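Predicted model only: the values in this text are computed from it and were never measured. Chain identifiers are assigned alphabetically (A, B, ...) following the order of the sequence lines, protein sequences preceding nucleic acid strands; residue numbering begins at 1 within each chain.
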Protein chains: 2
Amino acid sequence: MARDGSSTRDKILDTAEELILERGYSGVSVDSMINKLGITKGAFFHHFKNKQAMAEALLHRFGDQDLVLMENLRSRAEKLSRDPLQQFLIYIGLFEEMFDSMTEPFPGCLFASYTYELQQFDEATRRYIADSVLRWRGELQDWFEIIMAQYPPRLPVDSASLADSFNTILEGAFIMSKAANQPEIIVQQLRHYKNYIELLFATD
Amino acid sequence: MARDGSSTRDKILDTAEELILERGYSGVSVDSMINKLGITKGAFFHHFKNKQAMAEALLHRFGDQDLVLMENLRSRAEKLSRDPLQQFLIYIGLFEEMFDSMTEPFPGCLFASYTYELQQFDEATRRYIADSVLRWRGELQDWFEIIMAQYPPRLPVDSASLADSFNTILEGAFIMSKAANQPEIIVQQLRHYKNYIELLFATD
DNA sequence: TTTTACATACCGACTGGTTGGTATGTTTGA
DNA sequence: TCAAACATACCAACCAGTCGGTATGTAAAA
């Protein structure tokens, strides 16, 4: 092996993520990326066969980080309580904590960004996005099944759409906070979601 | 006046809206719009001084239609019950009905699309987006104040973030349904929101 | 141990095509 | 007949992507 180019590759993805969340995939040119980074076209196209391939690699990296974060917060929540309902409430609380401690406004979710430009991407990328949504659902669905077995819900609900509701609120809150330029919206909406879960599975 | 160009103008906006919700503003070229419509550049730039101005006009039209829809459903809900809480639950139900009766998947919200490309737009457009969010909040906030005066919430909530939560869930559900390619998600999530409001203001 | 061969990382000029936008001419209806 | 509603022809800037070349490292043969 020659010089280690992995840091250059990472820096390209970092810059791309930042710019794409501000201007969308189609709004970011290869030139704008390399100019911001101070590298050349040669470097860019050495690491990615084309712009689309870079976008795909970026989304996969984002998805992987997402998964790691979810597993991390989940395992922390599971250590903080033995009760599945309490665990989930703590899980939401850890998300609140995370968004609350951010010094800069959360820049947004790449999946959402791509979703509002879906037809710009190839079938494989579109399928990866859909599969990711189903994966998030699957993870939380199992959790809700356990909760529902122990705590009968006050209103008839299904575990799948209940699982979806977490990401629904997150994605919605990202947009609202960006649109209104009010970062605090994310934590506020997570609190409402916690309220809902509490009320839905209240034992009293 | 010579020929009536208003229908051409409308058709340009219709096509733009459709394409932008598929590919994002930057992903839609003026050529792609006029080709799809079968008109020429002359027609396009006769009606709009540039692409940005078209995007701004489109967003304002979308915002106006939005407002009309909300007022329409609200007045229908107000006629169907005298109780403010019931009115709001009916209001959500009318949204459910609307999304349920759509023959094609809901294409998405222009405000959300623009929001994930915010830096592509000028300050005036960005402010219009932020003001729209605040306007939605304001409308529902008054409603919730009335509800809260009559029905003490089971958990401590503020009317502003509670108002935001409706649009949060809508915007989130739009993304989830597009990403997963499952239109039914929108109605499912609205049902969860209705659940939350019911449980939060339950009298028993 | 040195030299040759080779691979990776990167540079920057260049290309064909697309972009948003303009200048000017033509048609159409009141 | 006159202004609004288009069409046509064109331009300069920008776009993604290519290509010949260079710099820098590793590996293996002599």
Can you name the atoms? Protein N/O to nucleotides 17-21 of chain C N/O, anything below 3.5 Å, with the distance.
| residue | atom | partner | partner atom | Å |
| --- | --- | --- | --- | --- |
| C:dT19 | OP1 | B:Ser29 | OG | 3.4 |
| C:dG20 | OP1 | B:Lys51 | NZ | 3.2 |
| C:dG20 | OP2 | B:Val30 | N | 2.9 |
| C:dG20 | N7 | B:Lys41 | NZ | 2.8 |
| C:dG20 | O6 | B:Lys41 | NZ | 3.4 |
| C:dG21 | OP2 | B:Lys51 | N | 2.8 |
| C:dG21 | N7 | B:Lys41 | NZ | 3.3 |
| C:dG21 | O6 | B:Lys41 | NZ | 2.9 |

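- Judged by distance alone, the side chain of B:Lys51 and the main-chain N or O of B:Tyr25 form a donor-acceptor pair under 3.5 Å.
- Contacts with DNA chain D (heavy atom under 4.0 Å) in residues 118-127 of chain B: none are found.
- Checking the phosphate oxygens (OP1, OP2) of D:dC6, a side-chain nitrogen or oxygen of B:His47 falls inside 4.0 Å.
- Salt bridge status for B:Lys194 with B:Glu198: absent, with no side-chain N to carboxylate O gap under 4.0 Å.
- Salt-bridge check for A:Glu123 with A:Arg126: passed, with a basic side-chain N closer than 4.0 Å to an acidic carboxylate O.
- Note: CD1 (A:Ile12) to P (C:dC10) measures 8 Å, nearest angstrom.
- At distances below 3.5 Å, at least one donor-acceptor pair connects side-chain atoms of B:Tyr116 with backbone N or O atoms of A:Cys109.
- Atom C1' of nucleotide C:dG25 and atom NE2 of B:His46 are separated by 15 Å, given to the nearest angstrom.
- Across the protein-nucleic acid pair, A:Arg9 atom CZ and C:dC10 atom P stand 12 Å apart, rounded to whole Å.
- With A:Ser32 contributing its side chain and A:Val28 its backbone, the two residues share no donor-acceptor pair below 3.5 Å.
- Salt-bridge formation is detected for the pair A:Arg74/A:Glu78: a Lys NZ or Arg NE/NH1/NH2 atom is positioned less than 4.0 Å from an Asp or Glu carboxylate oxygen.
- Proximity of a side-chain donor or acceptor of A:Gln52 to a complementary backbone N or O of A:Gln120 within less than 3.5 Å is detected.
- Contacts classified as ring pair (Phe, Tyr, Trp, His ring centres under 6.0 Å) and involving residues 166-185 of chain A (residues at least two apart or in different chains) are given here: A:Tyr91-A:Phe166, A:Phe95-A:Phe166, A:Phe99-A:Phe174, A:Phe106-A:Phe174, A:Phe166-A:Tyr193.
- Between B:Thr8 and D:dA5, a side-chain N or O to OP1/OP2 separation shorter than 4.0 Å is absent.
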